[in-house]
Asks: 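Below: one structure in structure tokens.
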Amino acid sequence: MAPHMALWDEKEIFPVETMRKAAQLGFGGIYTQTDVGGSGLSRLDTSIIFEALSTGCVSTTAYMSIHNMCVWMIDTFGNEEQRHRFCPSLCSMDKFASYCLTEPGSGSDAASLLTSAKRDGDCYVLNGSKAFISGGGDTDVYVVMCRTGGSGARGISCLVVEKGTPGLSFGKKEKKVGWNSQPTRAVIFEDCVVPVKNRLGVEGQGFSIAMKGLNGGRINIASCSLGAAHASVLLTRDHLAVRKQFGEPLAHNQYLQFKLADMATRLVTSRLIVRHAADALQNGTGDAATLCAMAKLFATDECFKICNQALQMHGGYGYLKDYAVQQFVRDIRVHQILEGTNEVMRMIVARSILQE
């Protein structure tokens, strides 16, 4: 991934074949059960894998993390027929998945989503649209949160919509600051007919399914930030060793040494909270959701600071696209926004504390 990271970013290439090679190593369904082709690994294993992969390309790894979240949702909440129908081809990445929650009018307030699914015999008829969908238009399976009942979270259900379904279409490919190796489009439903057999769980369970998926998604995206920060610290170390100013290497400057020490300390601290949250989610502890929010909040904020500081320490070179550090800055900036904004993470944490 690393040798191609800049090209994928510049040309906006969705590296399908590279991801399929990753799937051959078990990375298409890392924490999906083995009987449907998954690797059956833990959330802690997953965090380590996504950090490592992100040192090569954050954008591609972040899409893989979303794909893994979708496969897990089908594996966990689907019935046996659904698991065996969808998961094997997703785990092998012969097919790719997208997560469809956000809408043009409902981002942080996800429970107010408007995309409707009206029951008509053995089918649902979907109408509405989803915004900022990673992989949208290029992927094969869409895990869609839609309103089958009344207002609020309890009226939301989860449907799996397959590409090629009549009434399913896509908006223009968005031009983004980072995350350019994965396409982002609106996903549009116009009298889109989806069989009832594609519903995960029961009617009204969709919001709960979405949130449980996001708990893992938050650890995953925080882990991607760890990889970017890790790579940026190493790039900065190497740059300080070779770049000279005032007659000596920058590595001899104590101010820059202290900055590098702070960056490394923030990285290790961030890694510890992410790994702790991953372990809590794996073991189903009562505070797991709060710890996932804390980890996502802390690690994505701190790792962005690390990458940004790394760019600063590269001086003018850091602002050139010949140097990888600027891409790490661009790619992880969005981690503070998606999978629940960091402001929403603070709301979750505060609510947990105040309810104790």
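Only this structure's heavy atoms are used, side chains among them; waters, hydrogens and symmetry mates stay out. The structure presented is a predicted model; accordingly, all values stated were derived computationally and were not measured.
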Asks: Can a donor-acceptor pair be found, under 3.5 Å and without considering hydrogens, that links the side chain of Thr34 to the backbone of Ser39?
Replies: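 Not confirmed, Thr34 side chain does not pair with Ser39 backbone.
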Asks: Between atom CG of Leu281 and atom CD1 of Ile219, what is the distance when rounded to the nearest 0.5 Å?
Replies: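 That separation rounds to 4.5 Å.
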Asks: Could you tell me the separation between the SG atom of Cys57 and the CZ atom of Phe328, rounded to the nearest 0.5 Å?
Replies: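 One gets 8.0 Å once the value is rounded to the nearest 0.5 Å.
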Asks: Given the rule in the salt bridge (charged side-chain N to carboxylate O under 4.0 Å, His left out) test, do Glu81 and Lys197 qualify, once you have shown the distances and angles that lead to the verdict?
Replies: CA-CA 9 Å; Glu81 186 275 332; Lys197 69 177 183 178; 5.3 Å; no
Asks: Taking all non-hydrogen atoms of both residues into account, name the closest pair between Cys307 and Val329 and its distance.
Replies: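 Closest heavy-atom pair between Cys307 and Val329: O-CG2, 3.4 Å.
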Asks: Does any non-hydrogen side-chain atom of Thr341 lie less than 4.5 Å from one of Val344?
Replies: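 The answer is yes, as the side chains (C-beta and beyond) meet within the 4.5 Å cut-off.
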Asks: Say you draw a straight line from OG of Ser181 to CZ of Phe14; how long is it, rounded to the nearest 0.5 Å?
Replies: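 Here the rounded value is 8.0 Å.
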Asks: With the side chain counted from C-beta on, respond yes when Thr165 and Tyr142 share a heavy-atom pair under 4.5 Å apart, and no when they do not.
Replies: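 Not in contact.
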Asks: Going by distance alone, is a donor N or O of one side chain under 3.5 Å from an acceptor N or O of the other, for Asn342 and Asp301?
Replies: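 Distance-only check passes for Asn342 and Asp301.
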Asks: Surrounding CZ of Arg154 (heavy atoms of other residues, nucleotides or ligands, distance under 6.0 Å), is the total greater than 12?
Replies: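 Check fails, neighbour count at 12 or below.
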Asks: Look up atom CG in Leu250 and atom CZ in Arg237, then write down how far apart they are to the nearest 0.5 Å.
Replies: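 Between Leu250 CG and Arg237 CZ, I get 15.0 Å after rounding to 0.5 Å.
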Asks: Using a 6.0 Å cut-off, check whether atom CD of Gln254 has over 12 heavy atoms from anything other than its own residue.
Replies: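 For Gln254, atom CD is not crowded (no more than 12 foreign heavy atoms under 6.0 Å).
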Asks: Is a donor from one side chain sitting under 3.5 angstrom from an acceptor on the other, for Arg43 and Asn215?
Replies: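 Arg43 vs Asn215: no donor-acceptor pair found between side chains.
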Asks: Do other residues, nucleotides or ligands put more than 12 heavy atoms under 6.0 Å from Gln312 CD?
Replies: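 Counting neighbours around CD of Gln312, 12 or fewer heavy atoms of other residues, nucleotides or ligands fall under 6.0 Å, so no.
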Asks: Considering residues, nucleotides and ligands other than Lys173, do more than 12 of their heavy atoms fall under 6.0 Å from its NZ?
Replies: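 More than 12 within 6.0 Å, yes.
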Asks: Is it true that a side-chain atom of Asn198 and a backbone atom of Val160 form a donor plus acceptor pair closer than 3.5 Å?
Replies: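 Yes.
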Asks: What distance separates Cys87 SG from Lys95 NZ, expressed to the nearest 0.5 Å?
Replies: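 Going from the SG atom of Cys87 to the NZ atom of Lys95 covers 12.0 Å.
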Asks: Could you go through the side-chain contact (heavy atoms from CB on, under 4.5 Å) check for Trp72 and Lys212 one step at a time?
Replies: CA-CA 10 Å; Trp72 175 83; Lys212 287 176 180 175; 4.2 Å; yes
Asks: Sort and list the pairs that fulfil salt bridge (Lys or Arg N to Asp or Glu O under 4.0 Å) and have at least one residue in residues 96-106, not counting sequence neighbours.
Replies: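 Applying salt bridge (Lys or Arg N to Asp or Glu O under 4.0 Å) to every pair that reaches into residues 96-106, excluding sequence neighbours, yields Glu103-Lys130.
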Asks: Report the C-alpha separation of Met263 and Thr236 in whole Å, then their side-chain angles, then the decisive distance to 0.1 Å, and conclude whether the side-chain contact (heavy atoms from CB on, under 4.5 Å) test is met.
Replies: CA-CA 10 Å; Met263 289 159 67; Thr236 303; 3.9 Å; yes
Asks: Among side-chain atoms of Ser42 and Asp45, is any donor-acceptor pair under 3.5 angstrom?
Replies: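 Yes - a donor-acceptor pair under 3.5 Å links their side chains.
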Asks: Decide side-chain contact (heavy atoms from CB on, under 4.5 Å) for Tyr31 and Gln282; before the verdict, give the C-alpha distance in whole Å, the side-chain angles of both, and the deciding distance to 0.1 Å.
Replies: CA-CA 10 Å; Tyr31 49 103; Gln282 181 68 34; 5.8 Å; no
Asks: Could you tell me which non-hydrogen atom of Arg83 sits nearest to which non-hydrogen atom of Pro88, and how far apart they are?
Replies: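 Nearest pair, atom of Arg83 first, then Pro88: O-CD, 3.4 Å.
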Asks: To check you understand the geometry: which heavy-atom pair defines the closest contact between Ser92 and Ala23, and what is its length?
Replies: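 It is O-CB, 3.3 Å.
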Asks: Is Arg218 close to Ile348 at the side-chain level, that is, under 4.5 Å between some pair of heavy atoms?
Replies: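 Contact flag for Ile348/Arg218 side chains = yes.
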Asks: Above 12 or not: heavy atoms from other molecules or residues under 6.0 Å from CZ of Phe298?
Replies: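 Yes - once you tally the heavy atoms of other residues, nucleotides and ligands closer than 6.0 Å, there are more than 12.
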Asks: Considering only heavy atoms from C-beta outward, does the side chain of Ile332 approach that of Thr300 to under 4.5 Å?
Replies: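 Not touching, per the 4.5 Å side-chain cut-off.
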Asks: Would you check if the side chain of Tyr63 reaches a backbone N or O of Pro183 as a donor-acceptor pair within less than 3.5 Å?
Replies: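 No: the side chain of Tyr63 does not pair with the backbone of Pro183.
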Asks: Going by salt bridge (Lys or Arg N to Asp or Glu O under 4.0 Å), name the pairs with one or both residues in residues 131-141, residues two or more places apart or in two chains.
Replies: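 Residue pairs passing salt bridge (Lys or Arg N to Asp or Glu O under 4.0 Å), neighbours aside: Asp138-Arg185.
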Asks: Considering non-hydrogen atoms only, spot the tightest contact between Ile133 and Thr102 and give its length.
Replies: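 Scanning both residues, the minimum pair turns out to be CD1-O, 4.4 Å.
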Asks: With heavy-atom distances below 4.5 Å as the criterion, would you say the side chains of Leu168 and Phe189 are in contact?
Replies: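 In contact.
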Asks: Check Met345 against Lys296 and note the closest heavy-atom contact, atom names and distance.
Replies: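 Taking Met345 first and Lys296 second, the nearest heavy atoms are CG-CD, 3.9 Å.
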Asks: Quick one, Met145 and Leu113 - any side-chain contact, counting heavy atoms below 4.5 Å?
Replies: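 A side-chain contact exists here, since the closest heavy-atom pair is under 4.5 Å.
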Asks: Checking side-chain contact (heavy atoms from CB on, under 4.5 Å) for the pair Tyr124/Val196: CA distance, chi angles, key distance, verdict?
Replies: CA-CA 6 Å; Tyr124 289 101; Val196 171; 3.7 Å; yes
Asks: When rounded to the nearest 0.5 angstrom, what is the spacing between CG in Asp9 and NZ in Lys176?
Replies: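 Here the rounded value is 9.5 Å.
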Asks: Any donor-acceptor pair under 3.5 Å linking the side chain of Lys305 with the backbone of Arg266?
Replies: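 Not a single qualifying donor-acceptor pair exists.
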Asks: Going by distance alone, is a donor N or O of one side chain under 3.5 Å from an acceptor N or O of the other, for Gln326 and Arg330?
Replies: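 Yes, Arg330 and Gln326 have a side-chain donor paired with an acceptor closer than 3.5 Å.
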Asks: Locate the shortest heavy-atom distance separating His335 from Ala62; write the atom from each residue and the value.
Replies: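 Result for this residue pair: NE2-CB, 4.5 Å.
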Asks: Can you hop from Ile156 to Leu200 via hydrophobic side chains spaced under 4.5 Å?
Replies: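 Yes.
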Asks: Could you tell me whether the side chain of Gln82 and the main chain of Asn79 form a donor-acceptor pair under 3.5 Å?
Replies: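 It does hold such a pair.
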Asks: Heavy-atom count check: over 12 atoms from other residues, nucleotides or ligands less than 6.0 Å from His84 NE2?
Replies: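 Counting other residues, nucleotides and ligands, NE2 of His84 exceeds 12 neighbours.
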Asks: Side chains of Thr285 and Asn283: donor-acceptor distance under 3.5 Å anywhere?
Replies: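 Result is no, nothing qualifies.
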